[in-house]
Structure formats: structure tokens, C-alpha cells
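The next block holds one structure in the form of C-alpha cells; read it before the comments.
In what follows, chains are A, B, ... by sequence order, proteins preceding strands, each numbered from 1. Note that these values count all heavy atoms, side chains included, but never hydrogens, waters or copies made by symmetry.
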Number of protein chains: 2
Amino acid sequence: MPLTKEHKQKSREKILISALALFSKRGFDRVSINDVMQHAGLTRGAFYAHFESKEDLYAQAISNWPEQSGIVKEYFKGLRGKEFVAKAINGYLSRNHLNQAIPCPLASLVTDVANNNEKIREVYTDVYNKLVTVMNKESTLSESKKNDDMMMAVTAMMVGGVAVGRALVDPDLTDRLLESCRSVAHLLVEGEA
Amino acid sequence: MPLTKEHKQKSREKILISALALFSKRGFDRVSINDVMQHAGLTRGAFYAHFESKEDLYAQAISNWPEQSGIVKEYFKGLRGKEFVAKAINGYLSRNHLNQAIPCPLASLVTDVANNNEKIREVYTDVYNKLVTVMNKESTLSESKKNDDMMMAVTAMMVGGVAVGRALVDPDLTDRLLESCRSVAHLLVEGEA
DNA sequence: GTCTATAGAAAGATAGAC
DNA sequence: GTCTATCTTTCTATAGAC
């Protein structure tokens, strides 16, 4: 076992990825530190060499999501403006997104975060702001204030559609919900409203 | 302590109301049976005379929400059609709703439910269907299939707006989010899109 | 039906060896 | 840095008195 900085960094990243996958699937309280460490190929005792507490891990896992999510970067490669926004809507509100090991934490952890401490709510707010900002930047509605408001509402529908879609027990209903949100979201960003 | 049916029913209702208030605020795993019973003015041991398990309580508390929520009935008294839908949007996407002791569980428990068992996801789905159905019935968009889809998207935005609004740490941002969702929701149900 | 007491399991965090 | 072992707390669920 090498004691190098690189090795520690590698362990840290494995822990963060395992954490986000498990937290997304079961929520903060249904995942133990032992679960995360085993998933990362380590043991309990090593945890506190990397993180101060379970809450600390949770916060860092959420804040690292935009970087961690390799799929997202790959998915949007080279796209700009209208095409970016359209693909973001379709990708976010898709069955494939719901089935990802690491879906967007804005949707998969929204209630979990609301019931947790301030630090965690801060990193959630940061991620939310990042999403709204990128959607806003790439969208092409005319008036800038209206655009900002429109994008907050569209992202709320995206997050809501995925969050509710994950909770519903009927897959057909979930698919209808996703499809409805997709079509209305496109309508809104194309400025026909 | 009377052993009448009425007394049992009274206890049962107190437990259900306490449960929904506490679950809404802290989530399933952060509320103990002891917490619920104390809030209802009883002790641990009495719990199992009313419910089979904590999951059973959670499911019944959610499914009873439409009846329990006296505010909702009062709020909509006498309203129909366009006025009902407009008031539903304004009430749901309001700061006041976020501050209620018992907000709509579709928003306050969405992640909690997604991570829980099938019975619980079933009652959540039932409540969701009730909301979409009433919104759909009272709305006045022309074509019926399009109306159904539109109302699913609008409810997703309502639930998403409230759920995300509860998670954000910045009250001003939450208020902007709620306002954006309100204005876009009105735009959508008034059929100008 | 409601109470007190408790069994039994799980988890967060720490201590100390290597 | 990672391991095993353990302290301590908390919680669900049950047992038995009234």
C-alpha cells in the first residue's frame, strides 16, 4: 500500500463516487459509512482519514457531481445554444437518466437535502445555480430578465419530473410524465409561449 | 382511559397528524416512533395497537393527506374551473405553503418515497393521480389529450418548485423560484402556449 | 388501549497496531 | 493510509402489567 498523495487522492475519488451512487439510490440515512467504504473497496476505519463526518462526505459528494459526471461532459460535447438546451431537456427528462447509477442529485436527493444541515443545503444551492446558469446562458429567448425566470421554471419542471418520476410505482405513468415534461419544456424554451 | 372505539379512532388520528408533520419536516428515517407518539401525547408501547410498522404508518399518513388537510378544503371552497386552477397554482407555489406544518407530501417527501417500499410508492402514486385529476378536471384547455399532458407537466413544475425551494438555503432565491414557477404555470394553463 | 421495561440489531465515531 | 476492535447511542419491535 503506497502512502503517496496520488494513492490518497485515488481512494478519495473512489469514496466520493461510491457515496453518490449509494446516496442517490437509498438516501442519506439508509447508507452507512461501512456501505460506502465497502463499495469503494476499503474498510470503515479508513474513512476518517478522508472526511470529517458522514455529513462532510455527503456535501462533498454533491458538490463534486458536475465534475464527476463524465457522462454529462461527453453527452454535450460541441453543442451550443438551442441544440444544447434541447438535448439537455431530452437527456434530463429521459428514462435513461432515471436508470443511471448517478443521476442528477438535484432530483434524486432533493428531499434528503432539505432535511439536512446548512452546509449541505449550500452545496445543493450551488449546484442548482450552476444548472440554471448554463441553461440560461445557452438559451436564446429575447428579453434577459424573462429568460432568467423562464429558465428557473423550466429547471424546476425538469427536476420535479425526474424526482416524481422516480417515486411513482407505475412505469407507464412515469414515462407519460417524462414525455409531458419534455414536450412542454421544449415549448417554453423555444419561445412560443 | 375509555376503551371505546371513538377513543381509539381519536388516538389514531392524532398519531397520523403528528406523523405527517414530523415526517414532512425531517423525513422517514429521522423520525422515530417514539417521536411520533410523544408528539401525539402517547407512549411508544401504544403504537402497535394502531399500526403494523413504521412503514405502515408512513403509508397511511400519506394516503390520508387529502382528507387530513383541512386547509385545502377551506381554501378552495366554492371555486371552480379557471379560478380553482389559478388559486391552486398560487397556493401551492407560495411561501406560505412551504411554511405549513403539513405541506403537500408529493413535494416534501418525494425523495423519501422513491427510496422506500412498494406499498409506500403506491399510495404516493395515488395521491399524485388525485392531484393531476382534479387539476385536469377544472382546467379549461381545449383538446383533451393535450390537456392531460399539460397538467402533468404543470404539476411536475409545482411539485419541483416546492421541493427545490425547500432545499435551497437562500430565501431570496427560493422566492424567485416560486414566483417564476407561478407565472409560467399561469401562462401554461391559460392556454396561450 | 396504554403503560413501562427490555431484547436485539445497527450505525457513527474513536483507538491503536502495522 | 488502512486495518481490526470497540465504545456508545439510538431505534424497532415485543412482553407483560393494569
**Report entry** Donor-acceptor side-chain pairing of D56(A) and Q60(A) below 3.5 angstrom
**Finding:** yes

Query raised in the report: Going by distance alone, is a donor N or O of one side chain under 3.5 Å from an acceptor N or O of the other, for D126(A) and S63(A)?
Result: no

What is the separation between atom [atom1] on [X] and atom [atom2] on [N], rounded to the nearest whole Å?
X: I15(B); N: dT2(C); atom1: CD1; atom2: P; value: 7 Å
X: I33(A); N: dC3(D); atom1: CD1; atom2: P; value: 15 Å
X: N34(A); N: dT4(D); atom1: CG; atom2: C1'; value: 12 Å
X: R30(A); N: dG12(C); atom1: CZ; atom2: P; value: 14 Å
X: Q38(A); N: dA11(C); atom1: CD; atom2: P; value: 11 Å
X: L42(A); N: dT4(D); atom1: CG; atom2: C1'; value: 14 Å
X: F23(A); N: dA11(C); atom1: CZ; atom2: P; value: 12 Å
X: K14(B); N: dG1(C); atom1: NZ; atom2: P; value: 14 Å

Query - Side-chain donor/acceptor of H97(A) to backbone N/O of C104(A), under 3.5 Å - result: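 Present.
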
Query raised in the report: Donor-acceptor pair, D112(A) side chain versus F28(A) backbone, under 3.5 Å?
Result: yes

Query - Distance (rounded to the nearest 0.5 Å) between N115(B) CG and K25(A) NZ - result: 10.5 Å

Query raised in the report: CG/D148(A) to OG/S180(B) distance, rounded to the nearest 0.5 angstrom?
Result: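 Rounded to the nearest 0.5 Å, the CG-OG separation comes out at 7.5 Å.
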
Query - Residue K8(A), side-chain atoms from C-beta onward, closest of dG12(C), dG1(D), dA13(D) - result: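 So the nucleotide nearest the side chain must be dG1(D).
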
Query - Per K54(B) side chain, nearest of listed nucleotides dG12(C), dC3(C), dT12(D) - result: dT12(D)

Query raised in the report: NA contact type, Y48(A), heavy-atom cut-off 4.0 Å: base, sugar-phosphate, or nothing?
Result: base

Report summary line: Protein-proximity profile, nucleotides 5-10 of chain D, B/S/- by nucleotide at the 4.0 Å heavy-atom cutoff, equals -B----

Query raised in the report: Going only through I, L, V, M, F, W and Y residues with side-chain contacts under 4.5 Å, is there a path from L98(A) to V164(A)?
Result: yes

Query - Electrostatic pair E83(A):R80(A) at N-O distance under 4.0 angstrom - result: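 Salt bridge: no.
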
Query raised in the report: In terms of the angle between their ring planes, are F84(B) and F76(B) parallel, tilted or perpendicular, with boundaries placed at 30° and 60°?
Result: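 Ring orientation of F84(B) relative to F76(B): tilted.
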
Query raised in the report: OP1 or OP2 of dT12(D) sitting under 4.0 Å from any side-chain N/O of S53(B)?
Result: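 For dT12(D), neither OP1 nor OP2 has a side-chain N or O of S53(B) closer than 4.0 Å.
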
Query - dT2(D) phosphate, OP1 or OP2, under 4.0 Å from T43(A) side-chain N/O - result: no

Query raised in the report: In degrees rounded to 10°, what angle is found between the helical axes fit to the five outermost pairs at each end of the helix from dG1(C)-dC18(D) to dC18(C)-dG1(D)?
Result: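 Roughly 0°, once rounded to the nearest ten degrees.
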
